[in-house]
Amino acid sequence: MSKTMTPKTKQAIQTLIKHLHQADVAYYNSKPIMSDGQFDNMYFELKQYKQEFPDDKAINHYFSTIPYNTDNTFKHVHHPYFIGSLDKTRTKDAVAKFLDKWNRKKGDLWYTDSFLVQRKEDGLSIVLYFNDPRMKKPFVALTRGGGHVGEDITNELYHFNRMDIAKIRQRIGKRHLVVRGEALIDDKDFNRINKHHEWANSRNLASGSIMNKDPRVAGKRGIFLSVYTLINRDEWTDKYPTELEQLKFLKSLGFYIIKDVHQFPNTPEGHRQIIRFMFTFPNWKRKAVGHPIDGMVIKPNYTVNLSKIGFNPHGPRYSVSWKFPPKSAIGILQKVRWQESANGKLTPVGILKHPVHILGSEISKASLASMPDIKRRGIMLYDHVTVRRMNDVIPKMIKPIKAFRTGKEVPISKTIPKGAIRKGAYLYLPINKHSKTVMIHRWKRFVSKPCLNIMGLSYKIIAKLIDEHLIDPHDFSSLWRIDKKKFMSIKGFGTKRWDTLQDELRKAQSRPLARVLMGLPLNNAGLALLKPIAKRIKNFKPILSDPKRLQAMHHKLIVEIPQLKGFGQSSVPVIDDLFSPDMIKQLQNLTPYLDMIDDQKSSSAKAKPKSAQKLAGMKFVITGTLSKPRKHFTTLIKQNGGKMQSDVNGKTAYLITNHKSNSRKYRAAVAKHVKIINENQFEKLLH
DNA sequence: GCAGCTACTATCCACTCACT
DNA sequence: AGTGAGTGGATAGTAGCTGC
């Protein structure tokens, strides 16, 4: 039963088909406008619509007419077998469901003793026919094409690397053999050749090389065929009933056989192992393969009954593939939200019309960084944009798909709030001290971890306290004078929350002066500046109550602080801000509740005696997750005389990480020949 | 008194920009 | 080169409420 379609859905489907078609055409003209992952996402979406609306003509038309390049001189030949593609699964559940279909009783149609899991290589699918009676020549090589008609590339095969087709033909003799493999180019060859070209990826290069009129070109570019299955296996199962035996046989004939085929038993534990193996396949391993792979394939090892299981319209029913989650996706930039911060700074965040899925997570918003960044990338409002997660984590809008523009796009500068002032790359709104956003931001800072560290007062809780008139938004000290009865009468607030708050307030009393000062709405004031200030103030309470001493201290700081190493005249406005009437009033109000004494013991990680300092002078950078919190390592480093850096530079001694990655720090470490060690090697440095 | 639910928070990560 | 501020999502954890 197909549901009725809303006009909105209809429009969505039309747009999807239009874009898939554009992408198809671009792809077959070797000028792809999006990545495979992005294409897959859209394709998958349309497939889901197909399930929902199986009778829709537009959808069915798309799936029945898949375009291919007609502009070539290669001969089209019919495949005597249907060369299908595998069903794509996306979830663990779908994989589990596939595995559960198989029985362990020999004789059953769906029987196998074990499964094979192998890479899904991302090249050009090619079928080799030896002595096939339906072919005009004793040896024919065809591309897969749409599965029914392929292109004759027999001449090119003689120039492929890693196999000698003439020798293989000799060994086969008169026997009938049909094998399938993937034409691939190694990453190192791709990179070498692409210095002078602009191929989108090595699959495109493989395709382009084979299509080149000169068959020698493919060979020179390092193309090879990775053979992964026997197609006419029914004629061979008497001798070789399993896939593994068939692959071994093909290898003995001289074919280059796909690497890393893993076998798992058809048992509940085996199923769990398969899922674990596939879904935790690390990125570095994927890169280490040396040529692109885009997923995993699962197939039964026992092949005797496979032809009886048969095909669905796309390919065999007895095998499925799982594709790696795409690294980027295409979304529509529907809205730009200008987020206002405590100091009036406006930062743009791109809101997507529909969430997209990248690396298994749903992304609905992505950073637009700043106006210069937006201009560099040429992104406009209502554009289709590619979205990536930087280092697989942080969502960011990368670039517009200009081919999808309708002419209705609007420059993002038009969305800037009225009254915003430009200062460098950022925009600011004049600070309105009564704006609720600004007030809450200031409270957030005051109670935040590096400042007063009062737990349990989040953005929403603060908003509630202000709304219920429990605190005076302009006076931090009002937090200590909340009316217990009123507090408890608010929905969601009880004794526990009250007790916790009181407990937190007591703890806050002894926070070091520097952290109290950092809680104030001062611009550009961090601990680095406030610590030397607090050190000179020592005990603020007696000074606050004496205007003369206050003035003297203000003067002393303005003179002394800019003299310190690392500080300049820029610290003066911060100090002036600190001694402005508003701030002093805040501090005076807070005197009954806070100690406001400089914490001299706080030179945190106590350094070991110099003789024991194994890391003296060494600079360290950490990237990625380690087995213990980073603090564990930073403390150890500091205790032993080392220093932490946030970025790798020429002076970095070691990058500590447990995994290879493509992060900025890792790349920098490789480029700058910085030693890369894991946490175990780091521990050894200390012994 | 307990389980299950809802609401919410802190923390982590990489990166960008401003500034000294 | 170093510091500070500020971006979002995943995750694990906390607290309070509700129903039994």
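Here is the naming used below: chain letters follow the sequence lines, and residue numbers restart at 1 for every chain.
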Under the side chain to side chain donor-acceptor pair (under 3.5 Å) test, which residues partner A/Arg422, sequence neighbours left out?
none
Between C/dT7 (P) and A/Arg337 (CZ): distance, integer Å
10 Å
What is the distance from CD1 of A/Ile363 to P of B/dA14, rounded to the nearest Å?
16 Å
When you get a sec, tell me which of C/dT7, B/dC17, C/dG9 is the closest nucleotide to the side chain of A/Pro395?
C/dG9
Any side-chain N or O of A/Thr347 under 4.0 Å from OP1/OP2 of C/dT7?
yes
Contacts of type side chain to side chain donor-acceptor pair (under 3.5 Å), residue A/His555, not counting sequence neighbours:
none
Can you list everything that forms a side chain to side chain donor-acceptor pair (under 3.5 Å) with A/Asp472? Sequence neighbours excluded, please.
none
Check the distance between C/dG2's P and A/Leu564's CG and give it to me in whole angstrom.
19 Å
Sort me out a list of protein N/O and nucleotides 18-20 of chain B N/O pairs below 3.5 Å, or just none if empty.
| unit_1 | atom_1 | unit_2 | atom_2 | d |
| --- | --- | --- | --- | --- |
| B/dA18 | OP1 | A/Ala425 | N | 2.3 |
| B/dT20 | O3' | A/Gly568 | N | 3.2 |

Contacts of A/Tyr593 that satisfy side chain to side chain donor-acceptor pair (under 3.5 Å) - sequence neighbours left out:
A/Arg481
Nearest-nucleotide pick for A/Lys444, side chain only, options being B/dA10, C/dG9, C/dT7
B/dA10
Output the rounded distance in Å from CG (A/Leu529) to P (C/dA5).
10 Å
If you look at every strand shown and take non-hydrogen atoms under 4.0 Å, does A/Arg388 touch a base, only sugar-phosphate, or nothing?
nothing
N-O pairing of A/Asp383 and A/Arg377 below 4.0 Å
no
For atom CD of A/Gln339 and atom P of C/dG6, their distance in whole Å
11 Å
Is the shortest side-chain N/O distance from A/Ser364 to OP1 or OP2 of C/dG9 below 4.0 Å?
yes
On DNA chain B, does the nearest nucleotide to A/Val447 precede the nearest nucleotide to A/Arg377 from the 5' side, or the other way round? Give the residue.
A/Val447
Set of ring pair (Phe, Tyr, Trp, His ring centres under 6.0 Å) partners for A/Phe540, sequence neighbours left out
none
Look at A/Ser370 and B/dT16 and indicate whether a side-chain polar atom (N or O) is within less than 4.0 Å of OP1 or OP2.
no
